[in-house]
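Below you'll find the structure, written out as structure tokens, and then a few comments.
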Amino acid sequence: MTMIGRLRAVRGLNRALIWPAGILLLLLLSVLEFKMGSKLVGWHDIVLFPTNPETLQQVILQTTRAPRLAAAILTGAALATAGSVLQTVLRNPLAAPDILSVTSGAQLFLVISTLLLPLDLPPVIATSAGALFGAGACLLLAGGFRAPTGRLALAGVAVSLCFSAISSAIVLLADERASGMLLWSSGILDQTGWGKVAIATPIVVLCFLTLIMMARSLDLLGLGEQAATSLGVTRTVTLLGILCGVMLCGAAVVLAGPVGFIGLAVPNILRTLGVTRHHRHLPLSMLWGANTLLLADVLTQSFSGSGSIIPTGVTVACLGAPVMLLLIHRAKTGGERRIGLPTASTRVPLALVTVALSSAGIIVALAALAFGNDVSLSMADIAANLNLRAPRLLVALGCGALLAAAGTVLQAITRNPLCGPETLGISQGAALFSLVALLSGFAPSTPSFQILALAGSLSVILLLRFLGPKLSPEKLVLVGVAIAATLGAASTIIVVEARLQTAQALSWLVGSTHARGYADTFSLLPWLVVLLATGVFFARHLDTFSLGDEKARSLGLMTERARTVALIYAAVAVGIAVSTIGAIGFVGLLAPHTARLLIGPRHATNLPVAMAIGALMLACADTLGRSIIAPLELPAGIITAIMGAPAFIFLLRMASRPSS
């Protein structure tokens, strides 16, 4: 038998075993799901459950365990089916509810309807509307239904970051309900009765039946747009498929909150096993999606300590990130194509840029000292608040400059304007380790705290070097997104297990200058001076990277060693910034690009200008965050995410244009 024949035989055997193995696993996991989570329930009670005995154990099974089991099955089935249809109609293996901002949109609208709206809006309406809005925003900004794989995923990342920032802001304003909302926003299956299950079940069943009736049309879409159109498949199939995917995701969010990776991983694994026809792919997606979430929930409950609650979505993220990495390696996202670094056709003179930045710095400094809980209009008032506002201003300026320096170096060595500390997961790694430092009793900005934060950022650099040193620029960012998701899930586990004050922990994870003092400024200053001097000194090597590795080597640059040193430089800058104020997004991504448009690509001038722009961006965000809803305060990281996501999309569209 030839190799191709053996491969076909193996795939045929796998397809034959998928159904019985899936059903047996579902039954086994269902029994384990009944048993986990309650020490009062024994195996004897589970056996007697169908006979409906009048016992306390029976009440527990009926009101909590059975609804949780049903919610897990429905949520997993809905997400996997949604991923299957979205990947088909968009012809994109990375199209999934969490990647396309469908999940984050549903989460945002449900948070708004729960915490802000005065009327009692049915949850499924809020989540469905939010899911549709998120999908529409992602598709529109990525360039439509046929957007390239990498661009669609990156647009979804930006929109999701923006939606998550807005959701975090709303949750922080409702501090007394922040703990419950944090658990729910991480994906939790706890149920109190059958109410949510009763709402979601008809939607999931109706959408599944609709998609099954569309199975032949969905198969034809796999032949290509022209072939499908010639065979009578209209745009209605695409729109109806997206609508069903959105409704399924809305139902899943009602049941369990936002849960990622299932809609991405399960459909792609089934296609790898040779299941491509939708009359089999859709029901198998439901079956194995349910098994995946049930398995994650059983593991979650088995790992949970006494009295602790770990969101199931966190476990799914930890398990799903490796699958996403595998899919990224297999996906066609541009090969080794380098994304150009857009620059302005006419550059602004350096003297004019210096004057403009100096003037802006004076204005920002005055605003930061004048605005806060109240407005200080006189010098006496400013002096009275100086010890509170001046350290925050200085810390924001310093950390913004460090993040911008890191972003400049990362974009230079990868020749990719989409690289930044947050898109590569470096900020998330430093934030995770800084949470460990907080739990260990270390104070922010102290040497021990800084060392642990540096260990986190350097660990991500090692992962990036190990997992994708030769990946295309788009794939490199997607690898970073997968790493960031896993690290974010680990941070959630730490917060929940340590029972930290939720609002304070959430503020740290999104980045805030709250309660920073002069001691933080003095610990930050030496790092800032050393990193600025080092960056300017090695600026010519960063310029050489823009020529490409081959030309750089021909000019005598040891590219691998220089790239390693540059990555360590970026990791140190990010680690120090995060150890001072937490994880701030978009500053390190946007400031370098703005400087490049203003002053050009030469890093001897580009790096200091980018650091100045980053400093001003973060100082502005901090001032806005503590002024717009005073006396309440929004962390600076939320402001930068809300403002930075649209700018990131603009950058993505510019980078996607072919160079002339």
Side-chain angles (χ1 to χ4, degrees), residues 67-68 71-72 74-76 78-79 82 96-138 156 159-204 207 242-260 262-263 293 309 311-314 316-317 488 492 502-503 506 510 638 641-642 645:
R68 185 182 182 114
L74 285 171
T75 302
L79 291 173
D98 45 323
I99 300 295
L100 294 178
S101 307
V102 176
T103 308
S104 59
Q107 174 190 359
L108 173 61
F109 274 51
L110 189 56
V111 168
I112 292 174
S113 66
T114 302
L115 300 180
L116 295 184
L117 294 183
L119 53 95
D120 188 14
L121 190 67
V124 71
I125 294 179
T127 55
S128 297
L132 185 61
F133 180 78
C138 179
V159 174
S160 295
L161 286 174
C162 183
F163 286 176
S164 297
I166 299 173
S167 298
S168 297
I170 297 172
V171 171
L172 284 174
L173 294 178
D175 185 49
E176 70 279 0
R177 288 178 283 179
S179 180
M181 292 302 296
L182 176 63
L183 287 172
W184 174 83
S185 64
S186 301
I188 188 166
L189 283 166
D190 283 357
Q191 305 291 315
T192 54
W194 292 90
K196 294 179 180 179
V197 174
I199 293 173
T201 300
I203 297 174
V204 175
C207 290
I242 293 176
L243 180 61
C244 287
V246 164
M247 293 294 294
L248 287 167
C249 183
V253 172
V254 168
L255 288 168
V259 176
I262 290 178
L293 191 54
I309 302 175
T312 305
V314 170
V316 175
T492 302
T502 305
L506 188 57
V510 299
I638 289 178
I642 293 173

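Please read these numbers as outputs of a predicted model, since none were measured by experiment.
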Atom pair [atom1]/[atom2] of [X] and [Y] - distance to nearest 0.5 Å:
| X | Y | atom1 | atom2 | value |
| --- | --- | --- | --- | --- |
| Ile638 | Ile170 | CD1 | CD1 | 9.5 Å |
| Ile166 | Gln107 | CD1 | CD | 11.0 Å |
| Lys196 | Leu74 | NZ | CG | 13.5 Å |
| Ile112 | Ser167 | CD1 | OG | 7.0 Å |

Contact summary for [X] and [Y], nearest pair of heavy atoms:
| X | Y | value |
| --- | --- | --- |
| Ser101 | Gly156 | OG-O, 3.0 Å |
| Ala135 | Val246 | CB-CG2, 4.3 Å |
| Cys244 | Cys207 | O-SG, 3.9 Å |
| Gly187 | Val259 | CA-CG2, 4.0 Å |
| Ala82 | Pro97 | CB-CG, 3.9 Å |

Pairwise side-chain contact, [X] with [Y], heavy-atom cut-off 4.5 Å (strictly under):
| X | Y | answer |
| --- | --- | --- |
| Val197 | Leu255 | yes |
| Val253 | Thr103 | yes |
| Val254 | Ile203 | no |
| Pro258 | Asp98 | no |
| Thr312 | Leu293 | yes |
| Leu79 | Leu248 | no |

Open item on the list: With a 3.5 Å distance limit and no angle check, can you tell me whether Thr127 reaches the backbone of Val124 through a side-chain donor-acceptor pair?
Closed with: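 It does hold such a pair.
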
Open item on the list: In terms of relative ring orientation, are Phe163 and Phe133 parallel, tilted or perpendicular, with 30° and 60° separating the classes?
Closed with: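 Aromatic pair Phe163/Phe133 classed parallel.
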
